[in-house]
Amino acid sequence: MDLSNSSPVITDPVAISQQLLGGLPSNLMQFSVMPGGYSSSGMNVGVSRLKIEEVLVNGLLDAMKSSSPRRRLNVAFGEDNSSEEEDPAYSAWMAKCPSALASFKQIVASAQGKKIAVFLDYDGTLSPIVDDPDKAVMSPVMRAAVRNVAKYFPTAIVSGRSRNKVFEFVKLKELYYAGSHGMDIMAPSANHEHSAEKSKQANLFQPAHDFLPMIDEVTKSLLQVVSGIEGATVENNKFCVSVHYRNVAEKDWKLVARLVNEVLEAFPRLKVTNGRMVLEVRPVIDWDKGKAVEFLLQSLGLNDSENVIPIYIGDDRTDEDAFKVLRQRNCGYGILVSQVPKETEAFYSLRDPSEVMEFLNFLVRWKKHSV
Ligand SMILES: O=P(O)(O)OC[C@H]1O[C@H](O[C@H]2O[C@H](CO)[C@@H](O)[C@H](O)[C@H]2O)[C@H](O)[C@@H](O)[C@@H]1O
């Protein structure tokens with residue numbers, strides 16, 4: 001990994017997180033953030049919970065769109081690649097959010113003489129969406145692409161999965177990992193390239209550490225309530241929990257939402273958001289993938305927006321927090337992975353993981369030829 005001009009060791013995570021979280025006392029910041037029913041932005045937890053059915057409906061809409069006929073699937077990932085005429089809505093969207101492959105020249109022209117940092121979501125970005133979350137493996141060619149990228153650019157995986165789980169899939173020690181939607185950040189060991197303790201990694205920042213017992217408790221309750229619903233599964237992601245309804249009959253989707261809602265009545269410090277056919281239960285703290293990206297950039301000495309181009313690639317609503325951060329900083333590019341038009345804060349788009357891989361390979365080739 002190219003870490004010249006930046007330190008691979010995050011030296012003062014507490015100070016950085018304190019700044020990102022708005023100057024709370026450092027003793028509060030070290031491991032717990034905003035205990036209580038309110039986020040630091042003052043959002044009332046109850047309000048977001050009441051919206052759970054609306055949230056589910058939005059999730060359903062996503063699901064319906066993703067399975068619509070205009071979807072272009074990919075041969076490299078074992079799917080049909082029959083070329084279809086683009087529909088006008090998709091073309092209009094592509095004009096607003098152009099392909100990062102077609103725009104590659106512009107992207108690298110703006111990065112000339114600057115340092116690129118790469119942030120990658122996992123599910124739907126590095127691995128295709130599959131029915132069984134335990135089988136969302138990364139292909140060897142994708143792993144090779146990510147490994148190559150990390151040789152030239154500081155590279156981080158930012159996932160909703162637990163850090164351990166996503167590491168099991170990615171299996172690359174030279175990367176930074178932000179699991180549980182950025183609530184569990186870890187860097188490679190300071191001396192990972194030379195040390196005998198090559199595999200040792202250092203814990204960096206866990207802003208929701210105090211929520212661990214609560215997450216275990218809510219996982220048990222969720223497992224219990226959905227046990228009667230065929231196809232519903234619960235995945236403990238350490239600092240957050242996923243309730244999957246991808247394999248649940250459509251008639252039962254609202255029941256899943258209602259049961260999750262009922263369980264959360266007893267947990268006012270937890271909130272729910274929706275992803276791709278999944279309800280995600282997590283602590284009410286002012287921390288998300290966007291904050292994790294800011295934290296990593298600052299920690300790695302890559303906070304100079306004049307000279308650093310962060311590129312964040314992701315497919316999910318939770319990735320929008322990171323896209324937004326890059327847009328607000330007016331630095332770098334969010335790239336949304338989607339086969340359908342979506343409202344997004346991203347600047348560019350890629351259709352699927354195979355295009356993500358192509359983009360990563362382009363970056364490596366460009367870097368090799370430009371040094
Ligand atoms: O931030 P991410 O890395 O994208 O993680 C978000 C969720 O991804 C996983 O669920 C999604 O992918 C599964 C496998 O393809 C799919 O079965 C599921 O329907 C998707 O929602 C993961 O299992 C969740 O825990 C993450 O929250």
Side-chain angles (χ1 to χ4, degrees), residues 55-56 58-67 73-74 77-79 119-139 142 146 156-170 175-185 208 215 218-219 222-223 226 231-248 250 253 256 260 270-283 287-293 312-323 334-339 342 346 350 352-353 356:
V55 153
L56 181 61
N58 290 340
L60 300 187
L61 198 63
D62 253 7
M64 278 149 54
K65 282 179 180 170
S66 334
S67 56
L73 301 170
N74 198 284
F77 290 87
E79 297 170 323
F119 297 90
L120 301 165
D121 167 54
Y122 183 72
D123 289 280
T125 298
L126 296 181
S127 69
I129 293 292
V130 291
D131 285 346
D132 180 353
D134 287 337
K135 301 220 167 96
V137 291
M138 189 171 166
S139 67
M142 180 66 97
V146 177
I157 304 291
V158 186
S159 172
R161 301 264 194 173
S162 75
R163 186 169 40 75
N164 285 347
K165 185 79 188 182
V166 80
F167 180 78
E168 270 174 36
F169 284 133
V170 178
L175 309 183
Y176 294 80
Y177 287 88
S180 307
H181 293 294
M183 290 181 281
D184 191 8
I185 301 181
I215 293 294
V218 80
T219 302
L222 291 167
L223 275 167
V226 304
T233 55
V234 175
E235 185 183 8
N236 183 325
N237 286 329
K238 192 166 180 178
F239 295 109
C240 46
V241 192
S242 292
V243 180
H244 293 275
Y245 59 92
R246 182 171 293 279
N247 303 316
V248 172
E250 201 172 327
W253 288 354
V256 175
V260 171
L270 300 178
K271 64 178 175 180
V272 64
T273 54
N274 76 306
R276 299 181 69 170
M277 304 275 239
V278 65
L279 294 174
E280 293 171 321
V281 174
R282 55 161 130 176
W287 196 268
D288 52 36
K289 288 182 172 184
K291 292 271 165 121
V293 167
Y312 186 107
I313 311 181
D315 73 314
D316 209 349
R317 279 214 180 87
T318 56
D319 299 309
E320 290 294 330
D321 294 318
F323 298 153
I335 302 177
L336 175 68
V337 183
S338 179
Q339 297 171 356
K342 277 185 187 165
L350 291 168
D352 51 37
V356 173

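Ligands are counted one by one from 1 in listed order, and the atoms in each one are counted from 1 as well. Heavy-atom basis, side chains included; hydrogens, waters and symmetry copies ignored.
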Practice prompt. Looking only at non-hydrogen atoms, find the nearest pair between Gly160 and Cys240 and report the distance.
Written response: O-SG, 3.8 Å
Worksheet item: Closest heavy-atom contact between Leu336 and Lys342?
Response: CD2-CB, 4.0 Å
Which residue from [options] reaches closest to [atom] through any of its heavy atoms?
{"atom": "atom 2 (P) of ligand 1", "options": "Val278, Asn237, Asp121", "answer": "Asp121"}
{"atom": "atom 6 (C) of ligand 1", "options": "Arg276, Arg282, Glu280, Arg161", "answer": "Glu280"}
{"atom": "atom 18 (C) of ligand 1", "options": "Glu235, Arg246, Lys165", "answer": "Arg246"}

Practice prompt. Mind telling me whether Tyr312 and Phe323 have parallel, tilted or perpendicular rings, with 30° and 60° as the class edges?
Written response: perpendicular
Discussion item. For Phe169 and Tyr122, take the angle between the two ring planes, folded into 0 to 90°, and tell me which bin it lands in: parallel under 30, tilted 30 to 60, perpendicular over 60.
Written reply: parallel
Discussion item. Any atom of ligand 1 sitting under 4.0 Å from a heavy atom of Ser127?
Written reply: no
Worksheet item: Heavy atom of Lys289 under 4.0 Å from ligand 1?
Response: yes
Are [X] and [Y] within salt-bridge range, i.e. N to O under 4.0 Å?
{"X": "Asp315", "Y": "Arg276", "result": "yes"}
{"X": "Asp316", "Y": "Lys289", "result": "no"}
{"X": "Asp321", "Y": "Lys291", "result": "no"}

Distance under 4.0 Å to a non-hydrogen atom of [X]: what atoms of ligand 1 satisfy this?
{"X": "Asp131", "result": "17 (O)"}
{"X": "Ser242", "result": "24 (C), 25 (O), 26 (C), 27 (O)"}
{"X": "Pro128", "result": "15 (O)"}
{"X": "Gly160", "result": "1 (O), 2 (P), 3 (O), 5 (O)"}
{"X": "Tyr122", "result": "3 (O)"}

Worksheet item: Do Trp253 and Val248 come close enough that some side-chain heavy atom pair is under 4.5 Å?
Response: yes
Worksheet item: Does the side chain of Arg161 come within less than 4.5 Å of Val170's, by heavy atoms?
Response: no
For [atom], what's the nearest protein heavy-atom neighbour? Residue, atom name and distance, please.
{"atom": "atom 3 (O) of ligand 1", "value": "Ser159 OG, 2.7 Å"}
{"atom": "atom 8 (O) of ligand 1", "value": "Asp123 OD2, 3.0 Å"}
{"atom": "atom 15 (O) of ligand 1", "value": "Val130 N, 2.8 Å"}
{"atom": "atom 10 (O) of ligand 1", "value": "His244 CE1, 3.6 Å"}

